[in-house]
**Q** 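I have a structure I would like to understand better, so I am pasting it below and will then ask my questions one at a time.
Atoms within a ligand are numbered from 1 in the order they appear, just like the ligands themselves.
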Amino acid sequence: MKLQLLTYPDPRLRQVAKPVETVTDEIRAIGQAMIEKMYEENGVGLASIQVNILHRLFVADCSESRTEAKIYINPEITEALEKYTAEEGCLSCPGAYAKVERAKVVTLRYIDEKGQPQEIVHADGLLAKCFQHEIDHLNGKLFIDRVSPLKQGVLKRKIEKFIKENIRAL
Ligand code: K1U
Ligand code: ZN
């Protein structure tokens, strides 16, 4: 399955993903293809909306070994504790980085690739940031929406410049 990474300002990044009713072989194949795409793009996460798939799932691997990728289906944050601000980037917004306020610790409920309900209690650090970032994508939201309008303007110009320069370089 060949997946294409959508980049800002593609309006398809604003779509809202629809809950998965049954975990089928097709959903598992989509998850596997997304894991391959995430590694190819050097990301720690990737949401379905970023590759124009409307099923509600994301993949993530925040391990140092890069061998612990998982598929998170119908993910939901059920608890969010403390706020903090840390730098973020996004595969769909290349060349742009900004400090974003997020919860420091989150609990995530999701369905795994076998169709079993799972819970990760009190995730923190990169994993917590990643979960919140990917769920935003599933709701059509980008990290640049979470900064001031002034900073947003700067980031949008940086993304457009980065894309223009990288297309020219090909
Ligand atoms: O969804 C995406 O665009 C992928 C994005 C997810 C993300 C996770 C955590 C914070 C912000 C964004 C990325 O993978 S960006 C790459 C990245 O943040 C990273 C890569 C290697 C080590 C640490 C972070
Ligand atoms: Zn992103």
**Q** Report whether any nitrogen, oxygen or sulfur of C93 sits less than 2.8 Å from the Zn ion (ligand 2) (N, O or S, backbone or side chain).
**A** no
**Q** Among side-chain atoms of Q15 and N52, is any donor-acceptor pair under 3.5 angstrom?
**A** yes
**Q** R12 vs D10, test: salt bridge (Lys or Arg N to Asp or Glu O under 4.0 Å). Steps then yes/no.
**A** CA-CA 5 Å; R12 292 173 292 179; D10 193 313; 2.8 Å; yes
**Q** So, K129 and D124, do they make that salt bridge, N to O below 4.0 Å?
**A** no
**Q** Look at the rings of Y72 and Y110 and say which category their plane angle falls in: under 30° parallel, 30 to 60° tilted, over 60° perpendicular.
**A** tilted
**Q** So, E160 and K156, do they make that salt bridge, N to O below 4.0 Å?
**A** no
**Q** Starting from the Zn ion (ligand 2), look over the N/O/S atoms of H133 and name the nearest one.
**A** NE2
**Q** Any salt bridge linking K99 with E88? Criterion: basic side-chain nitrogen under 4.0 Å from a carboxylate oxygen.
**A** no
**Q** Quick one: angle H137 NE2 - the Zn ion (ligand 2) - C90 SG, to the nearest 10°?
**A** 110°
**Q** Please list all pairs passing the salt bridge (charged side-chain N to carboxylate O under 4.0 Å, His left out) test where one or both residues lie in residues 56-75, with sequence neighbours left out.
**A** none
**Q** Would you check ligand 1 and list the protein residues that come within less than 4.0 Å of it by any heavy atom, ordered by chain and number?
**A** G43, V44, G45, Q50, E88, G89, C90, L91, L126, C130, H133, E134, H137
